[in-house]
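Step one of this worksheet: look at the structure below.
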Amino acid sequence: MTSWITNAWYVAAWDSEVDRQPLARTICGVPVALYRKLDRTVVALRDACPHRLLPLSMGIKEGDSVRCRYHGLKLSAQGIAEEMPLKADAPNAGLCVETFTTAERHRFVWIWVGDKALADPALIPDLWPCSAPGWTFDGGYYPIGCDYRLVIDNLMDLTHETYVHAGSIGQPELMEAPIQTSVEGDTVYVKRWMPGIEAPPFWRDALKRDGPVDRWQVCQFVAPAAVIIDVGVSPVEAGDTLDSHDHGVRGFVIDFMTPRTETSTHYFWGMARNFDIDDLGFTVRFKAQQARVFAQDVEVLEAQQKSIDANPDLRLAAFNIDQGGVRTRQLIARKIGASAR
C-alpha cells in the first residue's frame, strides 16, 4: 500500500510548464509524459514506449501524435499505435500505451492516476483565491527529496517559521500564541491569532507602515495533498478578528505536494494576494522572496528525510504544535484505507 491517496487529483505541472514538447514527470510513482495538442489541451501518456520502453518524453512530436525516438513507433494522443517501425506492417490496434485524465484549473495542470471512471473534475481541490476576481496569483516549483507528508507536516505547523525563516516571516510571537486545531470532514484547520505585535519585515513592507498589528495564520489541509494558508496583518485600530480580517494586507499561501515516490515530492507553491494586484514588478519581486523562503524549507526537509533514513529504529515524536500534521496524517490514512476496502 502506498502512502498517498490514489483516486484523487494531483497537480502535475504549472500551466506554463506544459507545451508542445513532452514534459517528463513521475506522479505517484508513475512515469508520465505531458504535452499539449494543437488545440492546447493536455495529453498525459505513460512515459514508456510499448515497444522497447524508451521514455516517450524523448520522442518526436508529429501533429498531436508522438513518435518514439528509438525505432519510430508512432502513437496517437489516445495512446494507440498509428504507425509501426516497418511501414509495411499494419498498425497493431492492440499495441497501446496507458493514458491519464487531465484537467486545467487555477493555473495548474491536474492529473488523475487512479481509476479513470472516478475522475470527476468537481473533485479538484477548490483553490479559489487563485482564480477569484480582485486577487492575483503566481508561484513556482521545487523538487524535494522527501516524503510528501513531511512537507504537509511543515506547513501545518508554522511555529517552525521562528527559526527556519528568521529575518523574513518568522518571529518569537509564533511560539507564544495559542493554536486551535480542528477537523471538519476531509479538512484539517490550524488557526493562530497574534494581536498587538510588531509585524515581521515582510508583512511590515506589504502594509507600508510601522506600528502594532494583528497577525493571523489559518492553515487548511485539503485532501489529497493541498495546504492553503490564510495569512496577513492589519493595523490594531482596524479591529479585525480571527474570523474576519480584511482591513489590512491579506494573502493565501497555496501549496500542493504531489508525491513523486515514497521519498520524493513535487512541491508547487505560490501566493494569491488582494493587495498591489496590478503591480507586476512587485509580483516578480515577491515571488523571488517567497522562493528564498521556501528554499529554506527544502534544505530542512531534505536533511530530515536523510536523518529518517539513517535512523530506521527511531520514530517521529509529536508535540502539541504537531497536532495539525498528526490529524492530517490520520485523515490521509483513513482515506487510503477506505479506498483499499
Side-chain angles (χ1 to χ4, degrees), residues 8-87 89 91-93 95-114 116 119 121 124-125 127 130-131 136-144 254 256-261 264-270 280 283-284 287 291:
W9 289 100
Y10 287 93
V11 173
W14 281 90
D15 54 4
S16 59
E17 290 186 280
V18 183
D19 206 344
R20 292 284 295 153
Q21 283 304 119
L23 170 71
R25 192 150 279 173
T26 297
I27 308 294
C28 297
V30 181
V32 175
L34 300 148
Y35 67 87
R36 290 187 186 275
K37 298 196 298 185
L38 291 171
D39 64 5
R40 298 185 183 173
T41 56
V42 176
V43 174
L45 305 175
R46 183 73 173 251
D47 196 13
C49 175
H51 177 211
R52 304 299 291 177
L53 302 186
L54 187 75
L56 287 172
S57 55
M58 296 176 63
I60 303 163
K61 285 301 306 308
E62 297 184 10
D64 289 341
S65 303
V66 60
R67 188 182 296 276
C68 179
R69 253 181 68 189
Y70 199 2
H71 297 93
L73 179 68
K74 184 180 176 183
L75 297 157
S76 70
Q78 292 73 41
I80 300 170
E82 293 181 322
E83 288 184 10
M84 303 299 286
L86 291 178
K87 299 297 186 290
D89 292 345
N92 182 347
L95 191 62
C96 57
V97 65
E98 184 178 9
T99 63
F100 303 93
T101 304
T102 63
E104 287 194 71
R105 192 172 298 177
H106 309 310
R107 292 281 320 278
F108 293 125
V109 174
W110 300 81
I111 188 169
W112 184 284
V113 296
K116 283 187 181 181
I124 293 174
L127 308 182
C130 303
S131 306
T136 188
F137 173 59
D138 200 7
Y141 162 80
Y142 281 130
I144 308 183
I254 306 297
F256 202 98
M257 287 59 65
T258 298
R260 180 181 179 276
T261 66
S264 61
T265 301
H266 301 293
Y267 180 27
F268 300 92
W269 53 264
L280 296 180
T283 297
V284 173
K287 177 180 174 179

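The figures that follow rest on heavy atoms only: side chains count, while hydrogens, waters and symmetry mates do not.
A 4.5 Å side-chain heavy-atom check between L75 and L56 finds at least one atom pair inside the cut-off. Taking 4.5 Å as the limit, some side-chain heavy atom of K287 sits within range of a side-chain heavy atom of W269. In this structure, the side chains of R67 and K61 stay at 4.5 Å or more apart for every pair of heavy atoms. Side-chain contact between E17 and L23: present, with at least one pair of heavy atoms (C-beta onward) separated by less than 4.5 Å. By the 4.5 Å heavy-atom criterion applied to side chains, H266 and M257 are not counted as neighbours. Side-chain contact between R52 and L73 is absent, with no heavy atoms from C-beta onward closer than 4.5 Å. Y10 has its side chain within reach of P259: a pair of non-hydrogen atoms, C-beta onward, lies under 4.5 Å apart. Using a 4.5 Å heavy-atom cutoff, the side chains of Y70 and C49 are not in contact.
Each of F256, W14, F268 was evaluated against Y141; a single residue qualifies, F268, per the ring-ring contact (aromatic ring centres under 6.0 Å, His included) test. Results of the side chain to side chain contact (heavy atoms under 4.5 Å, CB included) test with S65 over K37, E83, Q78, E82 single out E82 as the only residue that passes. If you run side chain to side chain contact (heavy atoms under 4.5 Å, CB included) between F100 and each of V32, L45, V42, I27, only V32 comes through.
Looking at T261, its side chain does come within 3.5 Å of a backbone N or O of S264 through a donor-acceptor pair. A side-chain donor-acceptor contact under 3.5 Å links R36 to the backbone of V18. Checked by atom type and distance alone, the side chain of H51 never pairs as donor or acceptor with a backbone atom of C68 at under 3.5 Å. A donor-acceptor pair under 3.5 Å is absent between the side-chain atoms of D64 and the main chain of S76, judged by distance alone. Panel note: side chain R46, backbone T99; no donor-acceptor pair is recorded below 3.5 Å. Side-chain atoms of T258 come within 3.5 Å of backbone atoms of V11 as a donor-acceptor pair (strictly under, hydrogens ignored). A donor-acceptor distance shorter than 3.5 angstrom exists from the side chain of D39 to the backbone of T41, with no hydrogens or angles considered. When atom types are taken as modelled, the side chain of R69 and the backbone of P55 share no donor-acceptor pair closer than 3.5 angstrom.
Taking a cutoff of 4.0 Å between a charged side-chain nitrogen and a carboxylate oxygen, R105 and D15 do not qualify as a salt bridge. A salt bridge does not link R40 with E104: none of the charged nitrogens is closer than 4.0 Å to a carboxylate oxygen. For the pair D138 and R107, the salt-bridge criterion is met [side-chain N within less than 4.0 Å of a carboxylate O].
Among all heavy-atom pairs drawn from A77 and V43, the shortest one is O-CG1, 3.6 Å. Pairing each heavy atom of F137 with each of H106, the nearest pair is CE2-O, 3.7 Å. Minimum heavy-atom separation, T26 to P31: OG1-CA, 4.0 Å. Nearest approach of V97 to P50, heavy atoms of both residues: CB-CD, 4.3 Å. What you find for I254 and F108 is that their closest heavy atoms are CG2-CE1, 4.4 Å.
In this structure, Q21 CD and L34 CG are separated by 13.0 Å, a value rounded to the nearest 0.5 Å.
Within 6.0 Å of CZ on R20 lie more than 12 heavy atoms contributed by other residues, nucleotides or ligands.
In this structure, the ring of W110 has its center no less than 6.0 angstrom from the ring center of W9.
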